[in-house]
A.B. asks: 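A single structure is presented below for examination.
Any value given below was found using the heavy atoms of this structure, including those in side chains, with hydrogens, waters and symmetry copies removed.
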Amino acid sequence: MAGLSLRSVAQDVGVSLGALSYHVGDKASLLAAIVALQRDEWQDIRTRWASRTARLPLSDADTLSAVIEAFLDDTATARRPFAIAGCELLLDAVHNPDALPSLASVLNDEDDFWTTLFQTGDVGHATMLGPVVAAYCRDEMPYTVALGDDTQYRLLRRANISRLAQGFSGTAQGLSRALPDLVALCGEESAETPLPVALHTGTRQMELAHHIADLIAEYGIPAISHRLVAKRSDIAVSSVAYHFRTRDDLLLAGLGALVLDMRQELHDRDGGQESRRGMAVMRATHAIALAATRDPSLRPFALDMRRRRSENVRDEVSLQIGGPRGLDPAAIQAACMATIGSGLARLAAGAAPRRLEVTFDLLRTLRLARMA
């Protein structure tokens, strides 16, 4: 989205800027037209998947799990431009919702797609489960687009989707029970391990890392450079490079600062208050995944961000959704992804009301209803 302009489109299409402006208008009109195309695409998707699933027993958790996986794969491959555009629009609207006021209708289409599919398939508690699955897919999609051919990622995703399809009820079985091992196989040790870049309180490195974190939150991953960090920090580019030699070091430092701030906010906040830094981290991880669709060198970063979903809030989520008996790791991770997808949609929708917010309380209600 950062590179989208009438001039770049005119050059790609091979027409003059004046001709394009005459037919399209300004950039706001261009974005509105893209959103309208997204809505048309959703109508086509709804028709196709209604036909595909008409005779499938969607009330069976294994069948539903397979359908969710197939939907993600089909959208990320056969409809790849649509999938990438949707992810880019969401991320851009999170930064500036006023620029894309019509995107709220697309987000509602996503919720309606799954809710209608489940109602037709006689899936229990469809009005709750539909938006939850839509929110989960919203968080998962950029990773499927970037990492869909990675075997370890696909196994991790399957373990999560299995528990999602069960509505987080019952106990983890089969692959879902192996989630900690799957997480470990997707990279180095996870959980509360030391950050990839050592950040110590009161150091110049930590100060710069916080500047990088602010830039990631404001502009996204693609904008990060030594020059931009130097300008924000009011120091020489060479000084930034002294502390963080490569652009990868910049990204790791910025994400590390975001994670540290998020952990602190989770520790300090009153129950239910959203973590400001937490959502900044989530936006940054989407930006990494989208960047990885164009730059393969970023794939390891994308996979690392994906496997780390939920690691900083595991105990809190387990208690809020699972009660005193807790929740298994696969269900915890799937639940976190659903709340992230819902949170991003709320930010992207701006002032437009959302029909149903996916919260830990809602997921607890869904879980208990599915267990009854």
A.B. asks: With distance as the sole test, does Thr53 use its side chain to make a donor-acceptor pair with the main-chain N or O of Leu56 at under 3.5 Å?
C.D. replies: no
A.B. asks: Does any N or O in the side chain of Ser176 come within less than 3.5 Å of the main-chain N or O of Ala159, such that one atom is a donor and the other an acceptor?
C.D. replies: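 Confirmed, Ser176 side chain pairs with Ala159 backbone.
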A.B. asks: Would you please say whether a donor-acceptor pair under 3.5 Å links the side chains of Arg46 and Thr116?
C.D. replies: no
A.B. asks: Taking atom types as modelled, is there a side-chain donor on Ser102 or Ser105 under 3.5 Å from an acceptor on the other?
C.D. replies: no
A.B. asks: Using a 4.5 Å cut-off on heavy atoms from C-beta on, say whether the side chain of Leu179 contacts that of Leu156.
C.D. replies: yes
A.B. asks: Hey, does the side chain of Thr120 reach the backbone of Leu117 with a donor-acceptor pair shorter than 3.5 angstrom?
C.D. replies: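 No; zero donor-acceptor contacts below 3.5 Å.
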A.B. asks: Could you check whether any side-chain N or O of Arg227 sits under 3.5 Å from a backbone N or O of Val237, counting only pairs where one atom can act as donor and the other as acceptor?
C.D. replies: no
A.B. asks: Looking at Asp139 and Arg309, does any basic side-chain N land under 4.0 Å from a carboxylate oxygen?
C.D. replies: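 Yes, Asp139 and Arg309 are salt-bridged.
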A.B. asks: Tell me, please, whether Trp49 has Arg52 positioned over its six-membered ring: NZ or CZ under 6.0 Å from the ring centre and within 45 degrees of its axis?
C.D. replies: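 Flagged: Arg52 positioned over aromatic ring of Trp49.
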A.B. asks: Side chains of Met141 and Leu90: does their closest heavy-atom pair fall under 4.5 Å?
C.D. replies: no
A.B. asks: Indicate the ring-plane relationship of Trp42 and Phe113, choosing parallel, tilted or perpendicular according to the 30° and 60° boundaries.
C.D. replies: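 Rings of Trp42 and Phe113: tilted, as their planes differ by 30° to 60°.
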A.B. asks: Please report the closest heavy-atom contact between Ala223 and Leu228, naming both atoms and the distance.
C.D. replies: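 So the minimum-distance heavy-atom pair works out to O-CD2, 3.3 Å.
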A.B. asks: Between Leu347 and Pro97, which heavy-atom pair has the shortest distance, and what is it?
C.D. replies: O-CB, 3.6 Å
A.B. asks: Counting only N and O atoms by type, is there a donor-acceptor contact under 3.5 Å from the side chain of His226 to the main-chain atoms of Phe244?
C.D. replies: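 Indeed, once roles are kept as given, a pair shorter than 3.5 Å links the two residues.
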A.B. asks: Give a yes or no on whether a salt bridge exists between Arg307 and Asp304, defined as a side-chain N under 4.0 angstrom from a carboxylate O.
C.D. replies: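 So Arg307 pairs with Asp304 through a salt bridge.
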A.B. asks: Distance check, rounded to the nearest 0.5 Å: Asn96 atom CG versus Leu91 atom CG?
C.D. replies: 12.0 Å
A.B. asks: Can Arg79 and Glu41 be counted as an ion pair, charged N to O under 4.0 angstrom?
C.D. replies: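 Yes, Arg79 and Glu41 are salt-bridged.
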A.B. asks: Does Asp361 offer a backbone N or O that forms a donor-acceptor pair with the side chain of Thr365 under 3.5 Å?
C.D. replies: yes
A.B. asks: Quick check: closest heavy atoms across Asp111 and Pro131, and the distance to 0.1 Å?
C.D. replies: OD1-CA, 4.1 Å
A.B. asks: Could you grab the distance from atom NZ of Lys27 to atom CD1 of Ile34, nearest 0.5 Å is fine?
C.D. replies: 9.0 Å
A.B. asks: So which atom in Ala292 and which in Ala302 form the shortest heavy-atom distance, rounded to 0.1 Å?
C.D. replies: CB-CB, 4.2 Å
A.B. asks: Shortest non-hydrogen contact from Thr115 to Gly130?
C.D. replies: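 Taking every non-hydrogen atom into account, OG1-CA, 3.6 Å.
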A.B. asks: For a quick check under 3.5 Å, do Asp26 and Ser29 share a side-chain donor-acceptor pair by atom type?
C.D. replies: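 The criterion, which ignores hydrogens and geometry beyond distance, is satisfied for Ser29 and Asp26.
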A.B. asks: In Å and rounded to the nearest 0.5 Å, what is the CG to CG distance from Asp60 to Asp62?
C.D. replies: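 The distance works out to 5.0 Å.
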A.B. asks: Hey, does Ile340 have a side-chain heavy atom less than 4.5 Å from the side chain of Thr285?
C.D. replies: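 They are not in side-chain contact.
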A.B. asks: For a quick test of reading the model, state the closest non-hydrogen atom pair linking Ser21 to Leu6 and the distance between them.
C.D. replies: OG-CD1, 3.9 Å
A.B. asks: Taking C-beta and beyond as the side chain, do Val13 and Leu20 meet within less than 4.5 Å on heavy atoms?
C.D. replies: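 Answer no - side chains too far apart.
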A.B. asks: Should His243 and Met206 count as side-chain neighbours, where that means a heavy-atom distance under 4.5 Å?
C.D. replies: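 Heavy-atom side-chain distance check fails, nothing below 4.5 Å.
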A.B. asks: Do any N or O atoms from the side chain of Thr203 and from the backbone of Leu199 form a donor-acceptor pair under 3.5 angstrom?
C.D. replies: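 No.
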A.B. asks: Please determine whether the number of non-hydrogen atoms from other residues, nucleotides or ligands lying under 6.0 Å from atom CZ of Arg232 exceeds 12.
C.D. replies: yes
A.B. asks: Thr339 side chain to Cys336 main-chain N or O, any donor-acceptor pair under 3.5 Å?
C.D. replies: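 Such a contact is found between Thr339 side chain and Cys336 backbone.
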A.B. asks: Counting only heavy atoms from other residues, nucleotides and ligands, does the tally under 6.0 Å from CZ of Arg325 exceed 12?
C.D. replies: no
A.B. asks: Distance-only, no hydrogens or angles: does the Tyr153 side chain make a donor-acceptor pair with backbone N or O of Thr144 under 3.5 Å?
C.D. replies: yes
A.B. asks: Look at the side chain of Ser318 and the backbone N and O of Leu327, then say whether any donor-acceptor pair between them is shorter than 3.5 Å.
C.D. replies: yes
A.B. asks: In Å, rounded to the nearest 0.5 Å, how long is the span from CG of Leu319 to CZ of Arg364?
C.D. replies: 8.0 Å
A.B. asks: State whether a side-chain donor-acceptor pair under 3.5 Å links Asp249 with Thr246.
C.D. replies: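 Yes - a donor-acceptor pair under 3.5 Å links their side chains.
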A.B. asks: State plainly whether the residues Arg299 and Asp149 are in salt-bridge range, i.e. N to O under 4.0 Å.
C.D. replies: yes
A.B. asks: Return yes if a side-chain donor-acceptor contact under 3.5 Å exists between Arg163 and Gln166, otherwise no.
C.D. replies: yes
A.B. asks: Take atom CZ of Arg247 as the centre, draw a 6.0 Å sphere, and report whether it contains more than 12 heavy atoms from other residues, nucleotides or ligands.
C.D. replies: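 Counting other residues, nucleotides and ligands, CZ of Arg247 exceeds 12 neighbours.
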A.B. asks: Heavy-atom count check: over 12 atoms from other residues, nucleotides or ligands less than 6.0 Å from Arg177 CZ?
C.D. replies: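 It does not: Arg177 CZ has 12 such atoms or fewer within range.
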A.B. asks: Determine whether more than 12 heavy atoms belonging to other residues, nucleotides or ligands lie under 6.0 Å from atom CZ of Arg7.
C.D. replies: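 At most 12 heavy atoms, drawn from other residues, nucleotides or ligands, come within 6.0 Å of this atom.
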A.B. asks: Say you draw a straight line from CD1 of Ile68 to CG of Leu64; how long is it, rounded to the nearest 0.5 Å?
C.D. replies: 4.0 Å
A.B. asks: Let me confirm one number: the CZ-CG distance from Arg157 to Leu182, rounded to the nearest 0.5 Å.
C.D. replies: 13.0 Å
